[in-house]
There are 2 protein chains.
Amino acid sequence: MPDGPDVKALAQRAKAAAGVELGFTPLYLQVRQKMLDKIIAGTWPPGTALPSEQQLALQMGVSQGTLRKALDALAADRVIVRHQGRGTFVAEHDQRRTLFQFFKIASDEDGRLSPETLFCQVVERNGSAEERAKLAISGRKVWHIHRHRALKGRVVLVEDIVVDHARFPLLDTKVPLPNNIYELYERQFGVTVAKAGERLKAVSADDQQAALLGCEEGSPLLLIERTAQALDGTPIEFRLTRCLTEGFHYSSDLK
Amino acid sequence: MPDGPDVKALAQRAKAAAGVELGFTPLYLQVRQKMLDKIIAGTWPPGTALPSEQQLALQMGVSQGTLRKALDALAADRVIVRHQGRGTFVAEHDQRRTLFQFFKIASDEDGRLSPETLFCQVVERNGSAEERAKLAISGRKVWHIHRHRALKGRVVLVEDIVVDHARFPLLDTKVPLPNNIYELYERQFGVTVAKAGERLKAVSADDQQAALLGCEEGSPLLLIERTAQALDGTPIEFRLTRCLTEGFHYSSDLK
DNA sequence: AAGTGGTCTAGACCACTTA
DNA sequence: AAGTGGTCTAGACCACTTA
């Protein structure tokens with residue numbers, strides 16, 4: 001004889017009563033949100049090993065299957081990383097992640113490479129209306145980071161990065177910034193970049209850019225406008241990258 | 001008392017004995033491959049409604065849960081599309097899919113739009129060594145499709161598409177080609193484009209391109225090199241798109 | 001009302017890692 | 001040997017669509 005016919009329906013209603021309900025939110029998505037909230041709140045900082053699935057299922061009062069669906073969803077968004085036999089961990093901005101998730105420039109012949117930072121400057125200034133809108137901030141001040149980056153020994157990237165001054169106190173004292181800037185955001189400021197959207201255009205190099213990149217004025221450059229967001233969707237960073245695409249390209253998979 | 005302790009282990013070994021085994025392939029991936037094979041073979045053409053999960057599970061001799069994991073994997077790769085309450089269908093190249101999966105150009109102000117084809121020419125010619133290598137073909141001949149496409153009434157895209165002559169017999173008799181060329185591949189030639197990789201660069205417009213796009217010679221253009229693949233990974237199409245990015249951009253999500 | 005995919009449970013066992 | 005995530009089953013019920 002099967003036991004209680006509507007255990008999960010009761011659980012569903014119990015969870016639903018507590019949260020905002022529009023129509024129907026499955027249990028596993030409610031669990032996913034609860035776990036995401038803990039990660040956002042810093043209860044489980046990046047790199048932390050989560051409790052085992054069995055323990056989490058007990059804590060949350062759901063079956064292991066439901067708990068796994070929640071973890072699967074978080075893993076699909078790269079919020080957590082799972083290793084069979086080892087455990088489940090909050091995702092970190094190590095070099096590998098930066099290279100594969102956030103760096104899309106590759107050599108035509110040699111594929112993906114890590115860029116080397118040859119110059120880096122941090123300036124405090126007032127943000128333009130556009131910048132403050134993109135960062136959704138009410139304060140006036142922003143940090144402006146300017147970098148020159150090289151691949152295969154040649155400067156091919158010029159970056160202009162703008163972030164909220166208030167969110168990154170004393171950023172200028174961290175100079176020279178490490179090559180991996182998202183690791184800095186994460187470790188020094190508790191800010192996790194979770195995803196980004198990019199808009200690509202072709203533009204002409206002005207005299208300054210031409211001098212930096214060692215090309216002629218008016219040469220075509222790939223312009224990449226990136227808006228990066230935190231785990232909760234808050235915009236964190238606005239970045240313009242100008243890229244010389246002779247021997248290099250931006251790689252995009254359509255699937 | 002729980003019944004047979006190793007039902008699935010037996011099933012696993014039975015399946016394993018039949019197929020190529022390197023280490024360990026889970027049942028659900030074996031089921032996924034079997035279903036993919038049927039789709040590739042044309043047993044289930046695009047648009048077909050698959051049997052219900054219950055029926056498929058019975059046919060394959062696995063539980064509904066395992067069958068669902070196989071379908072989930074196929075749905076993640078957009079090979080099939082599922083609709084709660086309606087059924088599961090083999091994915092089709094309708095306008096929506098083309099717009100969201102394979103067309104990444106959007107208006108800076110108005111977002112995603114469908115391009116309009118203003119000019120389209122199909123020519124038969126010998127493929128270059130590079131083209132034949134990219135298409136992995138041994139024959140000499142290719143079709144070269146040249147199109148001019150407009151967004152918001154302005155020509156901003158010039159496309160040069162190269163496909164295997166042998167795979168698309170009498171393609172020139174289909175002129176004028178429909179706006180959605182992947183739908184043509186699918187319906188007229190039984191060729192399904194499943195995924196594509198793109199390489200983006202910034203280049204200068206030559207005199208012809210400048211004339212077509214209504215810009216000055218030397219203007220920066222976004223060059224998109226696409227290689228599109230069939231369900232089994234075979235390269236199907238090599239495509240060069242040159243794009244005027246004034247008021248438009250290429251959109252890419254990093255996650 | 002019947003059929004479909006979607007969720008959830010409880011429990012067994014496997015593959016893999018670490019000690 | 002013990003612990004972790006990964007697979008698989010059998011079965012119940014829910015949300016949604018169509019007739």
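Computed from heavy atoms alone, side chains included, the values below leave out hydrogens, waters and symmetry copies. Residue numbers start from 1 in every chain, and the chains themselves are labelled A, B, ... in the order their sequence lines are given, proteins ahead of strands.
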Check the distance between [N]'s [atom2] and [X]'s [atom1] and give it to me in whole angstrom.
| X | N | atom1 | atom2 | result |
| --- | --- | --- | --- | --- |
| B/Leu50 | C/dT4 | CG | C1' | 12 Å |
| B/Leu58 | D/dA10 | CG | P | 10 Å |
| B/Phe24 | C/dC13 | CZ | C1' | 11 Å |
| A/Tyr28 | D/dA15 | OH | C1' | 13 Å |
| A/Gln55 | D/dG3 | CD | C1' | 10 Å |
| A/Gln64 | D/dT9 | CD | P | 16 Å |
| A/Leu56 | D/dG3 | CG | P | 17 Å |
| B/Glu53 | D/dA10 | CD | P | 16 Å |

Any side-chain heavy atom of B/Leu222 sitting closer than 4.5 Å to one from B/His249? no
Residues in residues 66-91 of chain B with a heavy atom under 4.0 Å of DNA chain D, by number, are B/Thr66, B/Lys69, B/Gln84, B/Gly85, B/Arg86
Please give the nucleotide sitting opposite C/dC8 as a Watson-Crick or G-U wobble pair, both distances under 3.5 Å, or none. D/dG11
Under a 3.5 Å cut-off for both contacts, is D/dC16 paired Watson-Crick or G-U wobble with anything, and if yes, with which nucleotide? C/dG3
Out of D/dC8, D/dT9, C/dA10, which nucleotide sits closest to the side chain of A/Ser63? C/dA10
Do [X] and [Y] meet the criterion of a side-chain donor-acceptor pair at a distance under 3.5 Å?
| X | Y | answer |
| --- | --- | --- |
| B/His93 | B/Asn180 | no |
| B/Thr227 | B/Glu237 | no |
| A/Gln101 | B/Lys255 | no |

Please check: side-chain N/O of A/Arg147 versus main-chain N/O of A/Leu157, any donor-acceptor pairing under 3.5 Å? no
Using the ring of B/Tyr185 (Phe, Tyr or Trp, six-membered ring only), decide whether B/Arg187 places NZ or CZ under 6.0 Å from its centre and within 45 degrees of its axis. no
Approximate separation, where rounding is to 0.5 Å, of A/Ile105 CD1 and A/Cys243 SG: 4.0 Å
